[in-house]
Amino acid sequence: MLKNLRVKTSKFIDETTNVSFKFNGKTYYGFKGDTLASALLSNDVHLVGRSFKYHRPRGIMTAGSEEPNAIVQTNDNSAFTEPNVRATEIEIYDGLEASSQNCWPNVDFDIGGINNFLSPLLPAGFYYKTFMWPASFWEKYEYVIRHSAGLGKSPTEPDPDIYDHRYIHCDVLVIGAGITGIMAAKTAAKNNLKTLLLDEKTELGGSTIYQNSDFIKINDQSTSTWLENEITELEKLDNLEIKTRTSVAAYHGYNYLLARENLTDHLSKDDAKNKVRQRLLKIRAKKVIVATGSLERPMVFNNNDRPGIMLSSAIKKYADYYGVATGQKNIFFTNNDTAYESAISLSNKGIKVEAIVDIRENSNSEFTKEAENLGIKIYKNHTVVDTHGYKKLNKISIMELSKDGQSFTNSNKTILDCDCLGMAGGWTPAVHLFTQSGGKLKFRDQDQVFIPNKYPSDQISIGSCNGDFELDEIIKNTSKSLREFLNINQTDFDNLDTKCPKDKIVRNIWLLPSDEVIGKTKPFVDYQNDATANDIKLALREGFRSIEHVKRYTTTGMGTDQGKLGNMHALGIIADTTGIKVGELGTTTFRPPYTPLTFGTMVGRNVGEYFDAFRRTPMNDWHIENKAEFENVGQWKRAWYYPKNDETMHDAVQRESKAARDGAGILDASTLGKIDIQGTDASEFLNRVYTNAWSKLAIGKCRYGLMLNEDGMVYDDGVTTRLDENHYIMTTTTGGAANVLSKLEDYLQTEWPELDVYLSSVTDHYATASVCGPNSKKILNKIIPDLDLSDENFPHMSFKNAKIDNIKCRVMRISFTGEHTYEINVQANFGKSLWEMCMEAGEEFKITPYGTETMHLLRAEKGFIIVGQDTDGTMTPIDLQMDWIVSKKKYDFIGKRSLYRSDTMKEDRKQLVGLITDNPSEVLEEGAQIVANTNATPVEMLGHVTSSYYSPNLNKSIALAVVRGGKNMMGQKLIIAMENKNINVTIVDPVFFDKENVRLNA
Amino acid sequence: MFLITCPFCGEREQSEFKAGGEAHIIRPKQPTELSDDEWAEYLFMRKNIKGVQLERWNHANGCRKWFNAVRDTNNDEIKAIYKMGEKPPSI
Ligand SMILES: [Zn+2]
C-alpha cells in the first residue's frame, strides 16, 4: 500500500497539479514543484542507487546540489539522456524518466553488492596494488572492473537540444539569493548599481524562506514572512536582473564568472521543444558579492550511509518546503543546536521525532528545552555506533561517549528503532567560488571552519559562506559589510531587531568511535567514491602525507560532487591522526565547475557547421556546381578534386594530373595568403625576413622565398613580386597567412621600428586563377589578346599589369607544377567571371579544373615541398636540400645564426629525399616509418614518408620522405615497415619529373 | 580571462590579445659574432617568474599593435601598460 507521506500543504508545491514520472521503469506521482528526490520520498522510495565501489544501497541524503548518492540517469535510451544528474535538483514534469546508476541488473538486486562482503579485500589503492601485476593481465581485469563500475552512460547520439551563450556586464553580481543575497541585491540596486542576482534554486530566499520558528524572529515577524516582504520589495526595483535555476560554475580572475542558466529542464518535452535548454552566462562584474551559504556536515560513524540516513537540514527542507515526511520515526544525531530546530519543526507538523542523540555534554538553549517539552527523548553525550537495515534504516545503536570523545564511558548499548536519521555535524561555509577566484582561507578553531581571509579581486563573502551562521550575526555583519563594500552610509538592515536564542556550543569529533574493531567498520567520509575513514588512515600508515596525495590515493573528494560533504572530515581525520592542526594542513583546491556542466552548455551554438568559421573563395559556387569534393585547409574550404561520373578520388586525381601536363589545367589559388608590403625600406625588410637576397630583384619580377624561424627552422614559403620600387606583394601558404603577417608585424614593430614599411593583409581582396600546361599561353592570349606573352617580354618569374574587359588584373608567370603557368589575380568579386572566362577560352584546349590533391601530386613530381607536410618545424633549408636558397653573402636574416649551431649542422639530421618503390605500382602510406634493418631490437627508426602519390605522368609510385642522413644515402635500399609487410624502397633525388625545367619555358 | 587595456584601443578582453612572452629581450645586432651559448641565451632562455614580470602583448584581433605590460603572475593583475620602445614604469 502506498503511504501518503505528504504532511501539510506547502505554498511551494502545487497540489492541484499531479505529475506522473517513471523511476526505474515504475510510474509514480508527485506534484508540480517537487524535485525527483522529494517526489520519490513522498512515495516512500529511499533506495535510489548503489554506491560506486561496494555497491551498497544508498538513499537520498540532501536536498541540494551537494547530493553525493542520489545521482541518476535521465531520459534513458534517447539522445536526450544525461548521466550523473542529482535527483535533488531535477524538477519533475510529466513524462520524466530517470533510473539508478551503478547497479546491475537493478537497484534492488545488484550483483556488485558482493563487493560489500568482499570489502575487507577492497581497501584504498586496491586497484592500483592488485591489478597492476602482472602488467599484461591489466587488460583482462580492466574489462571486468569497467563493466561493474562506471558512473552512468554517455549518450550515443548527437545532443538534439539547443544551447546558448550570453555576455552580461554588471556593477554588482550577487551569487546566492538566501537572506544575505536578498539584502545585498536590494542594497546594491537601491543605490543605482546595475545588479545581477543569481540562485541555483527555483525559488528565492534560500533556507530562510521556509523557516517558521517561534524562536527566530526579525522585527517580531517570522523570518520567512519578513523575507517574503523583502523579496516583494526587491522585485519592484529597477537596475536588477534576477535569475533562478542558475548555478555559478566558475569564478575566474578579474571578476569574470561563468554561470549555467537552466531554462527548460523543468518542462515537459513538449513544452521544452524548440526552446533553448541551457544558457552559459559569461559575466563581467565590477563587484562580486558571494552569498553562497553553507553546507551541513554529516557525521562520520560506522555504517553512516544507509538509505534513510540524511542531513538534518534536508529532512527539515523536505518537511517545511515540500511537505514531505522522510520518515515515520525520526531520530536526529547532532553536535550543535540546529538539529533541535529541525526536530521542533517536524514535531509541530505532526511528524514523529523519537529522539535526539547529541554528542555534546551540555546545551541549554530555548531550542533544547522546547524539544524536551515536545516529548522528544534527548540522549546527551551519546553517539551512534552502528546502524541497521540493508535497504532501509530500521535501527540504530548508541553508546555514551567518554570525556575525550574517542571511546565510551561504559559498554551499555541502547538500540533505538527509527526509519530516518538526521545528521547535524555543523556547517561548512561554501567557499568553493571564493577559492576558485584565488582567495585564501583561514581556519577558525572555535567551530572548525575555513572562512575567507584575503580577497583577490573586488569581492566580499557575506552570511554563512563567510562563517556567520546565526541570524543576529548574519544581519549585523552583512549590513556592515555592505556599507563598507558599496561605500554607502546606510542600508535598510542597519537597525533590525533580531531574535535567535541558539546555543553556540559545538562539540566537534571528526571520526566518532565505534565498539567494533577497526577494519570491520564502514565510516564513510566520501559517499560518492565510497572512501571511508579507514581508507584515509591506511593511506597515512602507508606514508602518504600531503592532503593532495591522500585525496588521490583514497579518491576522497574526487567524485562529481568534489567531496562537498566529506572533505572537511577527511582533513580532520588526517589532522587527528598525524597531530598536525587542520589549519596547517591546508585545503585541497576546488576547481570549476561547482556543479557539473553539460558539454552542450559549454559549446553553446558552436556546433556542426558553426563549430568554426568557414572561408570560401569567390569561385566556390562554380566548384559546387561542378561537383567538386572539398577539403578543409585552415578555415578555407578548398576544391579537392572534381570527380566525373562515378570516378573515385584516385581516378579523378590521375585524370586531372595527366590533363594538366598534357593540355591545360586550372586551379583556384585564391586561398594563398597575400600580404601587401609598401614603404621605402620594403626591399631591406624582405632581405631580413627571407633567406635569399631581394635588393636586386627588378620591378616586375617574382622570386620564391623561404622564411625561417629564429631557430633556423622553415616557417613558411611563397613567391613575392616586386610591383614597384617600394611596393611588393608577398604570397604565403594558405594555412600560414595569419601567422606570417603577425610574425612580420612583430619584427617591424619591436625589432626594426626604424624601417619604413607597412603591411596589409589582402588575401580576401583578390581571386586567383592559376592556368597551367602546354596550352596555357594560348588560353591567356584569348583572354588578354593585347598582352605580349613572348618569353622576351613576359618570361618565367615575372609579372604584368593587364586588363580583361576593363577590369584590372595582375598576371604572374610563376609555377608550382613545373608547367608553363599564369596566375591571374582580379578583384575578388570578379573571381567567378574570371574563372568562367578561362574555362570558356580553354574549352578547345580541353582545360581541366583540378583541385588541391592534383596540385600536391604535380608539385611532388617536381620535388617542391609543402611547408607543414614535408616539414614539421624541425627542418632547416639545409635539411630540405635547399642550400641554394640560403644567401651566404647576407650579413643577417631571421634564423641565419641558428643554421650554424652545432645541432643544426649535424650530418645525421633528418633530410628530405625522394623514394621509389621496387614495385612501381605500390604506393606508400604517408607517415609510414622507414627502417634499414628489421631484425635489430629495437628497430631503429630512420625517418618517415611525408608525401606519397602514384604519378600518372611517370607511371610509377613516388614519395618524399625525411631520412636521417638521407642526403648522403642516394641509391641506398631501405625498408618501409608496415603492419603486415615490408616494402622495399630506394632513396633518390626528390625531383622526379623534368629535372631540367624544360616545360617551364615551353 | 583578464581585461587588458590596449594603449591604442582601450580596455578589451584577453581573447583579443596574443601573449608574446618576456619583454626587453633585444635581438642581437650581430648574431654571427655570437658563440652558440650566447645565441642560445637569446633564442631559448626565458625567465617566466612567479611575481611581477614585464611581458609583450599583441592586440592581434584588434589594432595589431604590440605593447608591453607589467603583470603579476601570482594573480594576473596587470599593473601597467606601456608602449614599445618605452622604459618600464617603476613599480
Ligand atoms: Zn589595440
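Throughout, protein chains are lettered first and strands after them, A, B, ... in sequence-line order, and every chain is numbered starting at 1. Keep in mind the model is a prediction, meaning the values are calculated, not measured.
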Does any part of the side chain of B:Q30, heavy atoms only, come nearer than 4.5 Å to the side chain of A:Y891, both counted from C-beta?
yes

Under 4.5 Å from any heavy atom of chain B - which part of A:S898:
both

Identify which part of A:D892 has an atom lying under 4.5 Å from any heavy atom of chain B, answering side chain, backbone, both or neither.
side chain

Taking all atoms of both residues into account, what is the closest heavy-atom pair of A:R897 and B:L34, and its distance?
NH2-O, 3.0 Å

Heavy atoms, side chains only, cut-off 4.5 Å: are B:R56 and A:D746 in contact?
yes

Taking side chain as everything from C-beta outward and backbone as N, CA, C, O, which of these in B:I25 sits under 4.5 Å from a heavy atom of chain A? Side chain, backbone, both or neither.
backbone

With a 4.5 Å limit on heavy-atom distance, are the side chains of B:M1 and A:K282 in contact?
no

Considering residues, nucleotides and ligands other than A:Y610, do more than 12 of their heavy atoms fall under 6.0 Å from its OH?
no

At a 4.5 Å cut-off on heavy atoms, which part of A:Y256 comes close to chain B: side chain, backbone, both, or neither?
side chain

With the side chain counted from C-beta on, respond yes when A:P753 and B:M84 share a heavy-atom pair under 4.5 Å apart, and no when they do not.
no

Is there a side-chain contact between B:E13 and A:Y167 in this structure, where contact means two heavy atoms from C-beta onward sitting under 4.5 Å apart?
yes

Distance-only check: which donor-acceptor pairs under 3.5 Å involve side-chain atoms of residues 47-54 of chain B, not counting sequence neighbours?
{"from": "B:K47", "atom 1": "NZ", "to": "B:E22", "atom 2": "OE2", "distance (Å)": "3.1"}
{"from": "B:Q53", "atom 1": "OE1", "to": "B:I49", "atom 2": "N", "distance (Å)": "3.0"}
{"from": "B:Q53", "atom 1": "NE2", "to": "B:E55", "atom 2": "OE2", "distance (Å)": "2.8"}

Would you say the side chain of B:K29 lies within less than 4.5 Å of the side chain of A:E751, judging by non-hydrogen atoms?
no

Checking heavy atoms, do the side chain of B:K65, its backbone, both or neither come under 4.5 Å from chain A?
both

State whether the number of non-hydrogen atoms from other residues, nucleotides or ligands found under 6.0 Å of A:K888 atom NZ is greater than 12.
yes

Proximity of residues 38-46 of chain B to chain A, residues having a non-hydrogen atom under 4.5 angstrom:
B:W39, B:Y42, B:L43, B:F44

When you compare the side chains of A:K896 and B:T32, does any donor N or O come within less than 3.5 Å of an acceptor on the partner?
no

Without placing hydrogens or testing angles, list every side-chain donor-acceptor pair under 3.5 Å for residues 681-692 of chain A, not counting sequence neighbours.
{"from": "A:D681", "atom 1": "OD2", "to": "A:D756", "atom 2": "N", "distance (Å)": "2.6"}
{"from": "A:S683", "atom 1": "OG", "to": "A:R722", "atom 2": "NH2", "distance (Å)": "3.2"}
{"from": "A:S683", "atom 1": "OG", "to": "A:Y728", "atom 2": "OH", "distance (Å)": "2.6"}
{"from": "A:E684", "atom 1": "OE2", "to": "A:R688", "atom 2": "NE", "distance (Å)": "2.7"}
{"from": "A:E684", "atom 1": "OE2", "to": "A:R688", "atom 2": "NH2", "distance (Å)": "3.2"}
{"from": "A:N687", "atom 1": "OD1", "to": "A:W694", "atom 2": "N", "distance (Å)": "2.9"}
{"from": "A:N687", "atom 1": "ND2", "to": "A:S695", "atom 2": "OG", "distance (Å)": "2.6"}
{"from": "A:Y690", "atom 1": "OH", "to": "A:T720", "atom 2": "OG1", "distance (Å)": "3.2"}
{"from": "A:T691", "atom 1": "OG1", "to": "A:I885", "atom 2": "O", "distance (Å)": "2.8"}
{"from": "A:N692", "atom 1": "OD1", "to": "A:W694", "atom 2": "NE1", "distance (Å)": "2.9"}
{"from": "A:N692", "atom 1": "ND2", "to": "A:Y704", "atom 2": "O", "distance (Å)": "2.8"}

Are more than 12 heavy atoms, taken from residues, nucleotides or ligands other than A:E907, located less than 6.0 Å from that residue's CD atom?
no

Mark yes or no for whether A:Y254, through its side chain, and B:D76, through its backbone, hold a donor-acceptor pair below 3.5 Å.
yes

Would you say the side chain of B:L3 lies within less than 4.5 Å of the side chain of A:R284, judging by non-hydrogen atoms?
yes

Which residues pass the side chain to side chain contact (heavy atoms under 4.5 Å, CB included) test with B:N75, not counting sequence neighbours?
B:D72, B:E77

Could you walk me through whether B:N58 and A:E745 satisfy the side chain to side chain contact (heavy atoms under 4.5 Å, CB included) test, starting with their C-alpha distance in whole Å, then the side-chain angles of each, then the deciding distance to 0.1 Å, before giving a yes or no?
CA-CA 10 Å; B:N58 181 225; A:E745 279 284 0; over 6 Å; no

Would one find more than 12 heavy atoms of other residues, nucleotides or ligands at under 6.0 Å from atom CZ of B:R27?
yes

Whether A:R901 and B:D37 form a salt bridge (side-chain N of Lys/Arg under 4.0 Å from carboxylate O of Asp/Glu) is what I want to check.
no

